[in-house]
Amino acid sequence: MQRRNKPEVLAPAGNLRGLKTAVDYGADAVYCGGKAFGMRSAPKNLSLEDFEEGSRYAHERGARVYVTFNVLPRNNEVEAMREYLGKLKDTGVDALIVSDIGVMLMAKQVAPNLELHVSTQAGVTNYQAANAFYELGARRVVLAREMDLQAVRDIRARIPDDLDIECFVHGAMCMAFSGRCLFSNYLTGRDGNHGECAQPCRWKYSIVEEKRPGRYFPIEQTAEGAYLFNSQDMNMLAHIDDLIDSGATSLKIEGRSKSAYYIAAMTNAYKTAVNEYMIQRGFEDTDGNELKPFHDRVIRPGDPDYGKPETEDAIMANADGAFAGKPDLDAMPVGGASSGNIAIGEPDNLSYHARSTRRKSNTAAEILPEGWHHAGVRPAPHVKLPDWLLEEPDKVAHRDYSTGFYYPEHKVKQSTDRSAYFRAWLVVGEVLSWSPEDGGRVTIMSRNKIEAGQEIEFVLPGAAPFSYTVPAGGFRDADGHWVEAINNPAHVFSMPCPREVPVNAAIRSRTKKPTLKAE
C-alpha cells in the first residue's frame with residue numbers, strides 16, 4: 001500500500017471485527033496488536049491468520065494496517081520477539097509501531113519491508129529526537145501526548161516532509177508521561193509497560209491514618225472521596241483544523257479495548273471532519289476529487305514569511321506555557337520575573353523566550369538563542385463542522401472531555417467526582433440485512449429493547465445518522481412471527497425500515513436515564 005499524502009484517520013481495533021468495522025467506517029489505517037508484545041492485553045488482539053485476513057480486507061478498500069510492537073522488552077523476550085517478527089512480516093501488514101530502539105533495529109534486519117513508526121512510548125517531544133529516529137529508518141513519530149500545538153508546529157517545520165507526525169485526537173489519556181507508568185506494576189503486579197495496566201489511576205482514594213486502621217478520610221472534603229490521577233478523556237473533533245494546520249499527518253483515535261460501536265462512531269466522526277477540512281480548505285471537491293495537492297500551513301525556516309511578527313496567532317501567543325498549563329501571568333509583579341518591564345497580566349516576548357516545561361513553579365523567562373522563532377501557520381478561516389458531527393463524541397461512553405495538552409490556556413484536568421464512563425446512548429442492535437419487501441424491512445441482531453414509538457438512530461458510514469421513529473405493529477421474530485416488541489438480547493428480529501441501511505450498521509437509542517458504565 002502506498003503512503004498517504006493527506007491527513008490520515010487512524011482507528012483502533014482489538015480484534016478482527018474491530019479492524020473491519022474501522023475500515024468500513026472510513027479509517028485510512030487501523031492499528032492493532034498481536035497476541036504478544038503489544039501495549040494492550042485486555043482485548044483479544046489478532047492472530048497471524050487474523051492479520052492476513054485483515055490486511056487483505058483493508059488493502060482491498062484502500063486502507064493500511066499497523067501492528068503495535070511497542071512493549072519495553074525484558075532480556076528474556078528479545079529472541080521471542082525476533083521469532084514473532086519473522087512470522088509477522090509475511091502477513092501483509094504495512095507498518096510496525098515500536099518504542100524500543102533495539103526492537104527498531106531488529107525490525108530493520110528481520111522485516112525490512114515493513115514501515116517503522118515510533119510509538120508515543122518513546123516520548124518524542126522535539127525535532128532533534130524526531131530527526132534522529134528518521135535517520136534510523138523511522139517514517140513516522142507518534143508525538144508524546146504532552147505536546148501543545150505550537151510544539152507540533154515547531155517539530156513539523158524542522159523535520160523532513162516525508163516524516164509523518166501522528167497525534168492523538170480522541171480517547172482516554174494516561175496519567176503518566178507518554179504512558180510509561182509503574183503505578184500498576186507497583187500496586188498490583190500487572191505491568192503497564194507490557195499491556196497489562198490495571199488502571200489504578202482511575203481508582204477512588206482516601207487517607208488512612210496509621211493509628212486509626214479502618215477509618216478513612218477523604219482527601220477532598222466530600223463524602224465521595226477523591227480520584228487523584230483520573231484524567232479526562234481527549235476530544236479534538238471541533239479543533240481538527242488547528243491540528244492538521246499545525247502539521248499533524250495522522251490523527252489517532254485511542255481505544256483498542258473499546259467496542260465495535262465506539263470504533264464505528266468515532267472513526268466515522270473524524271473521517272467526516274477530515275473530509276470537511278479538505279473541502280473547506282480547497283484541497284478536494286465534495287466527491288473527493290483532488291483540486292490541489294495537500295500541504296499543511298506551517299511556515300518552515302527558509303520561507304520568506306518565517307519569523308515575521310504578523311504570523312503570530314493565538315496558539316503562538318499562548319505557547320511556552322508550563323507543562324501542566326500556562327503560568328499565572330496575572331500574578332507576576334510589575335517589572336517582570338527576570339528582565340524587562342512586564343505589566344501585570346502581560347506576557348513577555350514569547351517569540352524569543354520560553355518558560356520551563358519541567359517545573360511548574362519556574363515561571364522565570366529563560367533567554368533562548370538569538371534567532372529562534374516559533375513556527376507560524378498561515379492563517380485560514382476556521383473549518384465549520386455540522387452540529388450532528390460535533391454531537392457524535394457524546395453518543396459513545398466517555399469520561400469528561402478536554403482538549404488534552406494542545407492548548408496551554410485550557411488545561412487538561414482530573415475528573416474528581418467519578419472514574420466511570422458516562423453513557424447517554426445505548427446500542428440496541430446491529431443490522432444483519434435490509435430488504436425492500438413490505439416497503440422496507442431490516443433484520444437485526446438485538447442488543448437491547450426496541451419498542452413502538454422509540455426514537456432510534458442508524459450509524460451510517462460517511463453520513464449523518466439516520467433517525468427513525470419505530471412504528472407500531474411491525475416486529476417479527478426469526479421465524480417470521482409477529483411480536484409486540486424486541487425484548488430478547490442476542491436474538492434475530494426484523495422490523496419496518498423504509499431506508500436501505502448497510503450490513504453491520506449499529507443501531508442506537510438515547511437511554512431513559514444516563515448511566516455511568518462503559519460499552
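Residue indices begin at 1 and follow the sequence shown.
- Between Tyr31 and Leu10, the closest side-chain pair of non-hydrogen atoms falls below 4.5 Å.
- Gln128 is linked by a side-chain contact (heavy atoms from CB on, under 4.5 Å) to Asn126, counting only residues two or more places apart in sequence or in another chain.
- Taking every heavy atom of both residues into account, Ala265 and Val396 meet most closely at CB-CG1, 3.8 Å.
- A distance-only check finds no donor-acceptor pair linking the side chain of Asn289 to the backbone of Asp285 [under 3.5 Å].
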Derivation of the side-chain contact (heavy atoms from CB on, under 4.5 Å) call for Tyr270 and Lys252: CA-CA 9 Å; Tyr270 279 90; Lys252 187 171 192 172; over 6 Å; no
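- Remark: the backbone N or O of Arg499 is paired with a side-chain donor or acceptor of Trp434 at under 3.5 angstrom.
- Side-chain contact between Val431 and Pro502 is absent, with no heavy-atom pair separated by less than 4.5 Å.
- With Thr249 as reference, Arg156 is the one residue of Lys6, Glu166, Arg156, Glu8 to meet the side-chain contact (heavy atoms from CB on, under 4.5 Å) rule.
- For the pair Val98/Asp100, no side-chain contact is recorded, criterion being any heavy-atom separation below 4.5 Å from C-beta on.
- Cation-pi geometry between Arg399 and Phe422 is not met: the NZ or CZ atom fails to fall both under 6.0 Å from the ring centre and inside 45° of the normal.
- Glu135 and Asn131 are not linked by any side-chain donor-acceptor pair at a separation below 3.5 angstrom, with hydrogens and angles left out of the test.
- One finds the CD1 atom of Ile263 at 10.5 Å from the CZ atom of Arg256 (value rounded to the nearest 0.5 Å).
- When every heavy atom of Leu143 is checked against every heavy atom of Val152, the shortest pair comes out as CD1-CG2, 3.9 Å.
- Contacts of Tyr401 classified as ring pair (Phe, Tyr, Trp, His ring centres under 6.0 Å), with partners at least two apart in sequence or in another chain: His170, His398.
- Counting only heavy atoms from C-beta outward, the side chains of Thr125 and Met147 approach each other to under 4.5 Å.
- Interatomic distance, CE of Met278 versus CD of Glu290, reported as 7.5 Å (0.5 Å rounding).
- Comment: Arg281 engages Asp245 in a salt bridge, judged by a side-chain N to carboxylate O separation of less than 4.0 angstrom.
- Heavy-atom contacts from other residues, nucleotides or ligands closer than 6.0 Å to CG of Asn113 number more than 12.
- If you take CZ on Arg297 and CD1 on Ile299, they are separated by 9.0 Å, rounding to the nearest 0.5 Å.
- For the pair Ser509/Ile456, a side-chain contact is recorded, criterion being any heavy-atom separation below 4.5 Å from C-beta on.
- Remark: side-chain polar atoms of Tyr406 are not paired, donor with acceptor, to backbone N or O of Asp242 under 3.5 angstrom.
- Summarising the geometry, atom CD1 belonging to Ile165 is positioned 11.0 Å from atom OG belonging to Ser250; distances are rounded to the nearest 0.5 Å.
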Kindly determine whether Arg17 and Thr21 satisfy side-chain contact (heavy atoms from CB on, under 4.5 Å), including the steps that lead there. CA-CA 6 Å; Arg17 182 193 176 196; Thr21 298; 4.2 Å; yes
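- Taking every heavy atom of both residues into account, Asn70 and Ser99 meet most closely at O-OG, 2.9 Å.
- No side-chain donor-acceptor contact under 3.5 Å links Gln121 to the backbone of Leu72.
- A donor-acceptor pair is defined here as one N or O able to donate and one able to accept, closer than 3.5 Å; no such pair exists between the side chain of Asp296 and the backbone of Ala248.
- Between the side chain of Ser259 and the backbone N or O of Tyr262 there is at least one donor-acceptor pair closer than 3.5 Å.
- Under the 4.5 Å side-chain criterion, counting only non-hydrogen atoms from C-beta, Asp28 is in contact with Lys271.
- Contact between Leu116 and Gly137 at its shortest, heavy atoms only, is CB-O, 4.2 Å.
- Scanning all heavy atoms of the two residues, the minimum distance from Ala157 to Ala375 falls at CB-CB, 3.6 Å.
- Between Val65 and Ser55 the shortest side-chain heavy-atom distance falls below 4.5 Å.
- Side-chain atoms of Leu251 and Ile240, non-hydrogen and from C-beta on, do get closer than 4.5 Å to each other.
- In this structure, CZ in Arg153 is found 9.5 Å from CG in Asp148, a value given to the nearest 0.5 Å.
- Of the possible donor and acceptor atoms, none in the side chain of Glu115 sits under 3.5 Å from a partner among the backbone N and O of Ala138.
- No donor-acceptor distance shorter than 3.5 angstrom exists from the side chain of Tyr261 to the backbone of Glu430, with no hydrogens or angles considered.
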Residues 462-469 side chain polar contacts: donor-acceptor under 3.5 Å, at least two apart:
from, atom 1, to, atom 2, distance (Å)
Tyr468, OH, Pro496, O, 3.0
Thr469, OG1, Glu455, OE1, 3.0
Thr469, OG1, Glu455, OE2, 2.5

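- Here the two rings, on His117 and Tyr66, have centers that are under 6.0 Å apart.
- Between Glu457 and Lys395 a salt bridge is recorded (basic side-chain N to carboxylate O distance below 4.0 Å).
- Side-chain atoms of Asp233 never come within 3.5 Å of backbone atoms of Asn235 as a donor-acceptor pair (strictly under, hydrogens ignored).
- When all heavy atoms of His382 and Ala238 are compared, the pair lying nearest together is CE1-O, 3.5 Å.
- Here the side chain of Tyr25 pairs a donor or acceptor atom with the backbone of Val459 at under 3.5 angstrom.
- Between Arg300 and Asp303, none of the side-chain N atoms (NZ, or NE/NH1/NH2) sits under 4.0 Å from a carboxylate O, so this pair counts as no salt bridge.
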List the steps, then state whether side-chain contact (heavy atoms from CB on, under 4.5 Å) holds for Val501 with Leu460. CA-CA 7 Å; Val501 288; Leu460 306 178; 4.3 Å; yes
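- Rounding to the nearest 0.5 Å places OH of Tyr57 at 6.5 Å from NZ of Lys20.
- Salt bridge annotation for Glu392-Arg508: present, with a cationic side-chain nitrogen under 4.0 angstrom from a carboxylate oxygen.
- Within 6.0 Å of NZ on Lys292 lie more than 12 heavy atoms contributed by other residues, nucleotides or ligands.
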Would you please test Leu237 and Met266 for side-chain contact (heavy atoms from CB on, under 4.5 Å) and show each step? CA-CA 9 Å; Leu237 186 65; Met266 290 302 93; over 6 Å; no
